[in-house]
2 protein chains.
Amino acid sequence: MTKEVVDTKEKILEVARVMFAEKGFEGTSVRDIAKVAEVNVASVNYHFTSKENLFNEILIKGHNECAQGIRDFVNEKDHSLEELMVYVFRYFLERSPDLVSIFKMMMSFKDPEKLIKKGKGTEDEAFGPPGGKLIADAIIKEVGANIKDEDLHWGLKTLFSHVVHITIISACCIAKEDHPYSTHADIEKGIRRLTRVVLQELKMSSK
Amino acid sequence: MTKEVVDTKEKILEVARVMFAEKGFEGTSVRDIAKVAEVNVASVNYHFTSKENLFNEILIKGHNECAQGIRDFVNEKDHSLEELMVYVFRYFLERSPDLVSIFKMMMSFKDPEKLIKKGKGTEDEAFGPPGGKLIADAIIKEVGANIKDEDLHWGLKTLFSHVVHITIISACCIAKEDHPYSTHADIEKGIRRLTRVVLQELKMSSK
DNA sequence: GTCTATAAATAGATAGAC
DNA sequence: GTCTATCTATTTATAGAC
């Protein structure tokens, strides 16, 4: 592996990640990737065997990086759930091409088993937007261990889906328009507010 | 226009709607649509001029039907916001292929202007998941006219994005697995709960 | 309006020279 | 490892017979 190899492979990964997110798997051709990355067409198949394999490598890499990033934040010190949710939003937003790709893939594949299998191997978590378990733990820490199972699921799903959805919307549309109350600062305020409101409800319910 | 024409055109619309939602625009070929719809390949271009035009017609039709469906429900009688949100969920779920298509399109296109322009003509609302204004009106009715602009935006976005996201997830994944607390009845309970919690927060804030 | 046949472009993948 | 050239398959779209 010479220096050039790493550069070529990395360039392909970097460019393909963005292009797949923008135009989807079928909407992106290997030729276009090679053109934008300024590498030879044949090098894509040389380094990644197939287009599908390139796509899988990008997704798994992105997923693992996300999960690790959130894990690092959690392990860093004792954060509140509010801080964690804002961090997850910022983290997802920074890597929105990955999130968008994963979400698109999830929306397209009829067989999620395939996704789950592909995601395993390097991580214990099932494939899908990463960090779910960490958020659940943070909720338990704030509400108390006697939280009802049903409540935990509701809170986790409500908070998590909100952040995922808002990130996707932010990445895809809002950035291009000037919606009122849609700056990143406003969105973070909204996430904090929802987190507080949900926590309050969960505490009420588990008393 | 003979009877056959209507049947062919309708069959193409019906089949293409589902296939575009499953595999995306680029992932679906006109040939496959014709094969599944059991019509001749050339008839697609005959009736719709181009593949892109067929896609646009499906999206605009789906959007208008959704907006109208929600409008009909609102005009029917005085529903609570909770009832409205559950209705929107059920309505979206019934038409999840359309919702998924619109969302995928939104995620793919760099230029949302195009979408907005295409959506206009038959409807006053801007293109995008429909019904936003009706929900905003319902929030105002419950919280009171003195609701702060910022609060209205937060509540609308929180509730709406939750329902949209949950619908997409339900349509794409949950239906195939057996997640705990993920039946449609559980989801509806979750939507009602979030609606109550958000309303409570908004009422508190506008006092 | 529906069909067959085909044009014209593009896709993924590979062989073989360097 | 990188390149050119090319194979094979598939795509959208259309022309013309019926």
Side-chain angles (χ1 to χ4, degrees), chain A residues 1-61 101 104-105 108-111 114-115 118, chain B residues 1-61 101 104-105 108-110 114 118:
Chain A
M1 256 199 200
T2 69
K3 183 74 160 49
E4 289 306 315
V5 183
V6 178
D7 279 354
T8 299
K9 210 173 169 182
E10 281 306 312
K11 248 191 289 182
I12 293 169
L13 278 172
E14 200 180 320
V15 166
R17 193 171 66 98
V18 177
M19 292 185 77
F20 280 139
E22 282 174 1
K23 303 284 292 175
F25 181 75
E26 291 89 356
T28 309
S29 75
V30 172
R31 294 181 132 79
D32 289 341
I33 294 170
K35 200 185 291 171
V36 175
E38 294 173 315
V39 300
N40 189 274
V41 207
S43 66
V44 177
N45 275 297
Y46 174 78
H47 286 291
F48 297 96
T49 316
S50 73
K51 183 189 177 186
E52 200 184 335
N53 190 55
L54 167 63
F55 189 61
N56 291 339
E57 280 201 29
I58 289 169
L59 283 195
I60 293 171
K61 192 183 161 210
S101 268
K104 261 189 203 155
M105 203 166 162
S108 291
F109 273 149
K110 290 296 261 180
D111 186 14
K114 222 173 165 184
L115 260 176
K118 277 175 186 163
Chain B
M1 258 199 199
T2 68
K3 183 74 163 46
E4 289 307 313
V5 184
V6 178
D7 279 354
T8 299
K9 210 173 169 183
E10 281 305 312
K11 250 192 286 182
I12 293 169
L13 278 171
E14 200 181 320
V15 166
R17 193 171 66 98
V18 178
M19 292 185 76
F20 280 140
E22 281 174 1
K23 303 283 293 174
F25 181 75
E26 290 88 358
T28 308
S29 75
V30 173
R31 294 183 128 75
D32 289 342
I33 293 170
K35 199 185 291 170
V36 176
E38 295 174 312
V39 300
N40 190 272
V41 208
S43 66
V44 176
N45 275 296
Y46 174 78
H47 286 291
F48 297 96
T49 316
S50 74
K51 184 189 176 186
E52 200 184 334
N53 190 54
L54 167 62
F55 189 62
N56 292 339
E57 280 200 29
I58 289 168
L59 283 194
I60 294 170
K61 192 184 160 209
S101 268
K104 262 188 200 156
M105 204 167 161
S108 292
F109 274 149
K110 291 296 262 183
K114 224 174 165 184
K118 278 175 187 163

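Values in this document were obtained by computation on a predicted structure and should not be read as measured data. Chain letters run A, B, ... following the sequence lines, proteins first, then strands; residues in each count from 1.
For His47(A) and dT14(C), the NE2 to P distance is 15 Å, given to the nearest whole Å. Atom CD in Glu26(B) sits roughly 20 Å away from atom P in dA9(C) (whole-Å rounding). The NZ atom of Lys9(A) sits 11 Å away from the P atom of dT2(D) (whole-angstrom rounding). Whole-Å rounding puts the Arg31(A) CZ to dT11(D) C1' distance at 14 Å. The nearest whole Å value for the distance from the NZ atom in Lys35(A) to the C1' atom in dG12(C) is 15 Å. Here the C1' atom of nucleotide dA11(C) and the CZ atom of Phe25(A) are 11 Å apart, to the nearest Å. Summarising the geometry, the separation between NZ on Lys51(B) and P on dT14(D) is reported as 15 Å, rounded to the nearest angstrom. Here dT2(D) presents its C1' atom at 14 Å from CG of Asp7(A), a figure rounded to the nearest Å.
Side-chain contact between Ile58(A) and Ser101(A): absent, with no pair of heavy atoms (C-beta onward) separated by less than 4.5 Å.
Between Phe25(B) and Phe55(B), the ring planes are tilted. Angles from 30° to 60° get that label.
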For nucleotides 16-18 of chain D, list the nitrogen or oxygen atoms of the protein found under 3.5 Å from its nitrogen or oxygen atoms, one pair per line.
none

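Here the CD-NZ distance, from Glu26(A) to Lys51(A), works out to 6.5 Å after rounding to the nearest 0.5 Å. With rounding to the nearest 0.5 Å, the separation of CG in Leu13(A) from CG in Leu54(A) is 6.5 Å. How far CD of Glu14(A) is from CG of Asp7(A): 10.0 Å, rounded to the nearest 0.5 Å. Thr8(B) contributes atom OG1, which lies 10.5 Å from atom OH of Tyr46(B) (distance to the nearest 0.5 angstrom).
Contacts between residues 38-45 of chain A and DNA chain D, counted as heavy-atom distances below 4.0 Å, involve Asn40(A), Ala42(A).
With dT11(D), dT6(D), dA13(D) as the choices, the nucleotide that has an atom nearest any side-chain atom of Asp32(B) turns out to be dT11(D). Nearest nucleotide to the side chain of Ser29(B), out of dG1(D), dT11(D), dT2(C): dT11(D).
Although no hydrogens or angles enter the test, the distance criterion places no donor-acceptor pair under 3.5 Å between the side chain of Lys104(A) and the main chain of Lys104(B).
Using modelled atom types, one finds a donor on one side chain and an acceptor on the other under 3.5 Å when comparing Asp32(B) with Ser29(B).
Note on Thr8(B): every side-chain N or O is 4.0 Å or more away from OP1 and OP2 of dG1(C).
A cation-pi arrangement is found for Lys9(A) relative to Phe48(A), the charged atom lying closer than 6.0 Å to the ring centre and inside a 45° cone about the ring normal.
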